[in-house]
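To start, the structure itself, in structure tokens.
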There are 2 protein chains.
Amino acid sequence: MRDDTSLTTDRRTLLAGAAATAAGALFAPARARAADDLDPVRKALAANHDAAVKRLQDWIRLPSIAAENRAMPEGAAYMAKLATDAGFQTAEIVPTRGHPGVFATLDAGAPRTMGIYFMYDVKQYDPTEWSSPPLDAALVDKPGFGQVVVGRGAVNQKGPQATFLAALHAMKAAGRKLPVNLVLVAEGEEEIGSPHFSDIVTTPQVLAALRKCVGVIIPTGWQSPATGGVEINLGAKGVVEFELVASGEKWGRGPREDLHSSQKARVDSPAWRLVAALSTLVTTDGNTPLVDGFMDRVRPLTPRERELIRLASKNLSEAEAKRAAGVTRWIDDLSWEQALERLAAQPTINIEGLVSGYTGPGGKTVLPSRAVAKIDLRLVPNMTKDDSIAKLRAHLDKRGFQDVEVNVSGGYDPTETAEDSDLVRAMQATYTRFGVPTTLYPRLAGSWPGVTFTGAPVNLPAGQFGLGHGSGAHAPNEYFVIKSSNPKVMGMDDAALGFVAFLEEIARR
Amino acid sequence: MRDDTSLTTDRRTLLAGAAATAAGALFAPARARAADDLDPVRKALAANHDAAVKRLQDWIRLPSIAAENRAMPEGAAYMAKLATDAGFQTAEIVPTRGHPGVFATLDAGAPRTMGIYFMYDVKQYDPTEWSSPPLDAALVDKPGFGQVVVGRGAVNQKGPQATFLAALHAMKAAGRKLPVNLVLVAEGEEEIGSPHFSDIVTTPQVLAALRKCVGVIIPTGWQSPATGGVEINLGAKGVVEFELVASGEKWGRGPREDLHSSQKARVDSPAWRLVAALSTLVTTDGNTPLVDGFMDRVRPLTPRERELIRLASKNLSEAEAKRAAGVTRWIDDLSWEQALERLAAQPTINIEGLVSGYTGPGGKTVLPSRAVAKIDLRLVPNMTKDDSIAKLRAHLDKRGFQDVEVNVSGGYDPTETAEDSDLVRAMQATYTRFGVPTTLYPRLAGSWPGVTFTGAPVNLPAGQFGLGHGSGAHAPNEYFVIKSSNPKVMGMDDAALGFVAFLEEIARR
């Protein structure tokens with residue numbers, strides 16, 4: 001997922017402390033609880049285990065990377081084949097102006113239909129940083145976790161998605177009728193910000209199919225290794241990424257190419273201009289946006305959202321959250337509850353990167369012709385991407401920075417799903433059935449393109465669901481647990497069982 | 001030279017327009033004027049031409065690069081051999097805590113002694129950017145210039161230095177007694193900011209020898225291809241290079257490692273902190289330092305300096321200066337004379353580079369743990385490097401930025417040489433003898449470590465002298481003219497003759 005790093009980081013942060021604080025009553029070893037009518041499927045999963053693992057390994061060995069235009073048609077075709085192999089009766093490639101999507105349907109003759117979101121692309125990687133080659137999909141014993149598969153895409157998102165497919169294969173093998181129909185929508189551009197995903201989703205036949213759905217999930221595998229717990233977020237912040245660029249070219253002042261720095265005495269500096277423009281965007285502590293009207297559309301937290309945050313602050317460990325984030329203090333030395341509230345409710349203007357002039361070791365006496373700040377905004381309801389960028393543009397123009405470019409590369413609006421939706425209730429019921437502690441949180445501080453489903457014209461509940469565990473999205477040595485040696489988290493087969501239970505829970509509502 | 005880019009850029013800027021405006025009376029073809037008692041040396045230069053060119057080529061083929069610790073002892077030994085081959089009776093390696101220098105003396109039994117500064121190191125290079133391999137020292141026909149040698153160090157500084165050595169060889173071959181004694185001081189760390197050069201110069205025997213000198217020159221070859229003219233600067237600004245670093249590590253706030261950007265809602269940002277600190281250093285237009293007390297020691301321009309600037313503004317072309325700098329307007333739309341005055345008189349705080357977080361193509365949702373601004377200061381008399389850095393530190397501390405690091409990598413104080421010094425008068429007389437138009441300018445806006453000679457304890461006049469032409473210092477395809485097809489600039493033999501005339505001019509005073 002695009003913001004998987006956030007999701008996992010946040011999840012780790014929010015959940016890792018729960019071992020100490022979560023209500024013991026909620027938790028029981030998964031296997032003990034799961035010994036019920038799922039047994040035939042469990043047996044089929046065990047029988048098909050090797051095939052399911054090989055399916056995941058083969059998939060990892062075909063990396064589709066949109067940013068590198070690498071194996072995109074192949075990845076889409078492979079995705080379609082994975083769907084038909086798993087029992088989808090139709091699976092078609094959906095062309096876009098970018099890379100193709102895949103639309104597949106499985107009609108089980110059931111009254112209800114569930115939407116499933118897959119991404120077939122993976123993040124770029126640098127093999128030299130890996131302890132095991134990122135395309136080997138090697139099975140490795142990871143102390144404290146058990147047998148894991150190591151490879152690019154292991155957790156983000158092929159591992160959880162292959163686990164979902166394993167559930168479908170096992171149900172078929174066990175002769176168990178699928179309790180819901182399925183609509184699968186997959187894209188290959190998740191890692192570059194899903195620029196054409198809404199085109200895929202609004203393709204007439206896809207939209208028509210989605211409109212029959214109860215909701216949409218993306219399969220995940222984010223159980224906390226400390227507690228086995230998961231978080232259910234009732235939405236996620238929106239995100240906008242852009243470059244703020246000051247240049248002699250656009251400004252008409254300063255140099256067109258990097259110039260010797262002695263000329264600073266008589267030549268304007270685009271780098272200083274960028275600093276001046278940046279310094280108008282936030283308070284001097286960097287923590288509160290000052291862009292004119294930026295906060296106008298912010299919907300204050302509801303009483304229920306405040307209550308959820310208060311509950312989360314009791315349930316989660318601040319010390320663990322700080323350790324995971326690598327910080328010793330929150331901004332303004334906020335309390336834990338205040339920090340959680342701000343994480344859910346505060347729109348942000350963040351500098352992702354600064355690039356200007358000479359960036360190598362030591363110095364070089366140049367007056368750069370161009371300076372760039374890479375920025376991301378995080379938006380809360382009812383802010384929108386378009387409105388936020390328009391306000392930023394007006395803010396800069398009003399202060400005479402008409403020449404400073406705002407080059408948007410991607411982003412989407414915030415997403416929300418109601419706590420009382422069948423989707424969220426089914427997630428809660430399934431996790432509870434497996435003895436997995438959950439934390440309800442108003443809004444993920446990270447972002448995912450859920451608004452494509454929750455917004456018009458689809459208007460469905462959408463969120464993440466899954467058991468099992470992996471980590472290292474976007475990082476070296478990404479892994480996903482195949483056979484767990486940690487009693488808190490599930491291996492691939494049990495996680496697949498979780499999807500079976502979830503679909504049955506959806507059917508039951 | 002460390003700031004050769006500046007020197008050549010400035011020279012190009014300042015001189016290229018002179019063709020249109022310079023007093024025609026000053027200029028006459030060099031050969032016509034030079035037909036005098038220098039003829040025997042001229043003949044010897046012609047006879048030794050091939051050997052002199054091969055000497056330069058061989059030198060280029062041995063690149064000493066301090067930043068890469070490449071061929072440093074070899075470069076120093078080669079430098080010493082070049083000196084003894086040219087007639088220096090002593091030539092010794094001077095060890096330092098860094099890379100060695102070379103100290104050589106030539107006692108001609110003359111009443112006066114001249115100091116010569118050489119650098120035996122060259123700038124790094126990327127061979128893929130060159131049209132001719134940078135170590136081939138190929139002889140190439142360059143349209144509009146004639147036969148040039150292309151290679152790293154061709155103009156910066158081996159070409160002009162080899163031309164000086166060719167003058168010594170030719171005088172010996174012509175049986176002409178050297179009119180002055182010589183003291184040669186060479187370093188191999190010029191391109192990394194001359195960190196140990198003052199240690200070399202203050203070595204007792206070196207210091208004792210330099211104290212006998214009339215002054216010091218570094219050989220140059222910077223005739224304007226448009227006019228043949230050269231600039232005589234009566235000094236140069238000082239320079240300080242440093243990194244301003246904001247980090248979670250030092251700050252105790254913000255992350256220790258790059259963090260997912262969703263955490264911005266509750267975690268402080270070192271990048272925003274850097275922006276806040278930077279924005280206190282200069283006016284919002286980026287053009288006037290605001291560091292407390294920074295300007296206290298600035299000595300205003302003298303009436304004579306103002307007059308020189310006024311004269312230069314008549315003599316030089318603003319249009320050409322703007323073209324060379326790639327700008328359409330000076331700061332504040334200054335007039336040409338104001339721009340020249342500011343170039344000489346204005347201390348500057350320049351951003352050389354900005355580096356933080358993600359710097360690749362597109363975006364990446366991180367909250368960087370560290371942000372760096374690479375800065376250079378240009379100082380005018382009576383500012384000093386140490387005082388300027390102390391004031392910057394105090395300025396930051398006073399505003400609560402105690403954690404923002406100021407990591408100085410190099411620099412030196414401004415240098416000045418009196419207009420009525422024998423050195424400057426000898427330069428003027430020699431250039432005039434060769435019909436080369438000159439422009440006196442109070443202070444080079446770029447920097448060179450001349451203060452090592454002009455400051456205590458050496459206290460000598462020091463500057464650049466030379467005829468001939470080359471360009472491309474620090475850049476690909478660096479070249480130096482061997483046989484000129486441009487009537488405005490001299491080839492290597494004539495440039496060598498210029499050094500002979502200069503030494504005789506020094507002896508005559």
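Letters A, B, ... mirror the listed sequences (proteins, then strands); counts begin at 1.
The pair A/Arg253-B/Asp333 meets the salt-bridge criterion, with a side-chain N (NZ, NE, NH1 or NH2) lying under 4.0 Å from an Asp/Glu carboxylate O.
A donor-acceptor contact shorter than 3.5 Å links the side chain of A/Glu352 to the backbone of B/Lys364. No donor-acceptor distance shorter than 3.5 angstrom exists from the side chain of B/Asn287 to the backbone of A/Ala265, with no hydrogens or angles considered. Judged purely by atom type and a 3.5 angstrom limit, A/Thr348 has no side-chain atom pairing as donor or acceptor with the backbone of B/Ser262.
When all heavy atoms are compared, the tightest approach of A/Val366 to B/Asn350 is O-ND2, 2.9 Å. Residues B/Ile351 and A/Pro368 approach most closely at O-CD, 2.9 Å, considering heavy atoms. For the pair A/Leu278 and B/Trp272, the tightest heavy-atom approach, listed with the atom from each and the gap, is O-CZ3, 3.4 Å. The shortest heavy-atom contact between A/Val267 and B/Ile331 is C-CG2, 3.4 Å. Between A/Ala325 and B/Pro255, the closest heavy-atom pair is O-CB, 4.1 Å.
The most heavy-atom pairs under 4.5 Å with chain B, out of A/Gln346, A/Glu243, A/Arg256, A/Lys374, come from A/Lys374. Chosen from B/Val327, B/Val372, B/Ile375, the residue pairing most often with chain A at heavy-atom distances under 4.5 Å is B/Val327. Note: B/Gly252 leads B/Ser269, B/Ala345, B/Pro270, B/Gly252 in heavy-atom pairs under 4.5 Å with chain A.
Of the two parts of A/Ile349, the backbone and the side chain both hold a non-hydrogen atom closer than 4.5 Å to a non-hydrogen atom of chain B. In this structure, the portion of A/Pro361 lying under 4.5 Å from any heavy atom of chain B is its backbone and not its side chain. Neither the backbone nor the side chain of B/Arg273 comes within less than 4.5 Å of any heavy atom of chain A. In this structure, chain A has heavy atoms under 4.5 Å from both the backbone and the side chain of B/Leu367.
The closest side-chain heavy-atom distance from A/Trp336 to B/Arg266 is below 4.5 Å. Using a 4.5 Å heavy-atom threshold, the side chains of A/Thr365 and B/Arg378 count as touching.
The distance from atom OG1 of A/Thr328 to atom CH2 of B/Trp251, rounded to the nearest 0.5 Å, is 11.0 Å.
Atom CD of A/Glu68 sits in a crowded spot, with more than 12 heavy atoms from other residues, nucleotides or ligands closer than 6.0 Å.
Side-chain contact of A/Asp376 with B/Ser261: a donor-acceptor pair under 3.5 Å is present, judged by distance alone.
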